[in-house]
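Only one structure is covered here, and it is reproduced in the block below.
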Amino acid sequence: MRRDSRFSVALHVLLHMSDRGEVMTSEALAEMLEANPVVLRRTLAKLRGAGIVRAEKGHGGGWALTRELSAVTLADVYQALGTAGPFSFGHRDEKPRCLIEQAVNRAVGTALAEAEARLVSHLGNVSLADVATDVRRQAKRRPRAQESA
């Protein structure tokens, strides 16, 4: 089963935007990530809705960060995207009539809710600036020719 990579893509894009320090078009960002610009625009629109990026129209327009990296946590990005959850499994039927399936849903639902709460709590303690610092630290350890988008 294919995993949803929007969260990872969003973090990747935000760090590239910060690194470049300029307004970037979705086409330029998509090319860097080898992604579809339309799909990327949908992701950026959700980030705009959360006040993490802004869209600038007209000649020279594109996307820009609205906050410093230290003011954006990974939880902010995760919640902005409104993903269905961090796991690729869930209930077969949300409102089953079968008592056994109801019990299964309660057990699995509780575990999934607890896991997601722990994940969001952890993500809330990590800022984009923390990730950027890790990038710089790793860049010092490897030759420039090996770096990629």
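Distance check, rounded to the nearest 0.5 Å: CE of M32 to CZ of R20 gives 4.0 Å. Rounding to the nearest 0.5 angstrom, the gap separating the CG atom in L119 from the CZ atom in F7 is 7.0 Å. We find the OG1-CZ distance between T43 and R48 to be 12.0 Å, quoted to the nearest 0.5 Å.
Nearest heavy atom pair, residue L128 against residue L15, reads O-CD2, 3.6 Å. The two residues T73 and G124 come nearest to each other via the heavy atoms CG2-O, 3.4 Å. The nearest pair of heavy atoms linking L40 to S26 is CD2-O, 3.7 Å. Nearest approach of A64 to V23, heavy atoms of both residues: CB-CG2, 4.1 Å. Minimum heavy-atom separation, A10 to V77: CB-CG1, 3.8 Å.
Judged by distance alone, the side chain of N125 and the main-chain N or O of S121 form a donor-acceptor pair under 3.5 Å. Formation of a donor-acceptor pair under 3.5 Å by the T25 side chain with backbone atoms of A28 is found in this model. Side chain of S18 to backbone of L14: no donor-acceptor contact under 3.5 angstrom is found. E56 places no side-chain N or O within 3.5 Å of a backbone atom of W63 that could act as its donor or acceptor partner. For the pair T66 (side chain) and G51 (backbone), a donor-acceptor distance under 3.5 Å is present.
In R54, the CZ atom is crowded: over 12 heavy atoms of neighbouring residues, nucleotides or ligands sit closer than 6.0 Å. Heavy-atom neighbours of R67 CZ from other residues, nucleotides or ligands within 6.0 Å: above the threshold of 12. Heavy atoms of other residues, nucleotides or ligands lying less than 6.0 angstrom from CD of E22 number more than 12. Surrounding CD of E68 are at most 12 heavy atoms belonging to other residues, nucleotides or ligands under 6.0 Å away.
The shortest distance between side-chain heavy atoms of L112 and E116 does not fall below 4.5 Å. Using a 4.5 Å cut-off on side-chain heavy atoms (C-beta onward), V53 and V13 make no contact. Side-chain contact check for L33 versus H16: some heavy-atom pair is nearer than 4.5 Å. Using a 4.5 Å cut-off on side-chain heavy atoms (C-beta onward), L11 and Y78 make no contact. Side-chain contact between K46 and R6 is present, with at least one heavy-atom pair separated by less than 4.5 Å. Under the 4.5 Å side-chain criterion, counting only non-hydrogen atoms from C-beta, L69 is not in contact with S127. Considering only heavy atoms from C-beta on, L29 comes within 4.5 Å of L44 through its side chain.
The same ILVMFWY cluster, assembled from side-chain heavy atoms under 4.5 Å apart, contains both V126 and I52.
In this structure, K95 does not pair ionically with E101, as no charged nitrogen and carboxylate oxygen lie closer than 4.0 Å.
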Working for side-chain contact (heavy atoms from CB on, under 4.5 Å), residues R137 and R141: CA-CA 7 Å; R137 186 174 33 250; R141 294 184 181 160; 4.1 Å; yes

Checking D130 against D134 for the side-chain contact (heavy atoms from CB on, under 4.5 Å) test, could you report, in this order, the C-alpha distance in whole Å, the side-chain angles of both residues, the deciding distance, and whether it holds? CA-CA 6 Å; D130 296 330; D134 182 48; over 6 Å; no

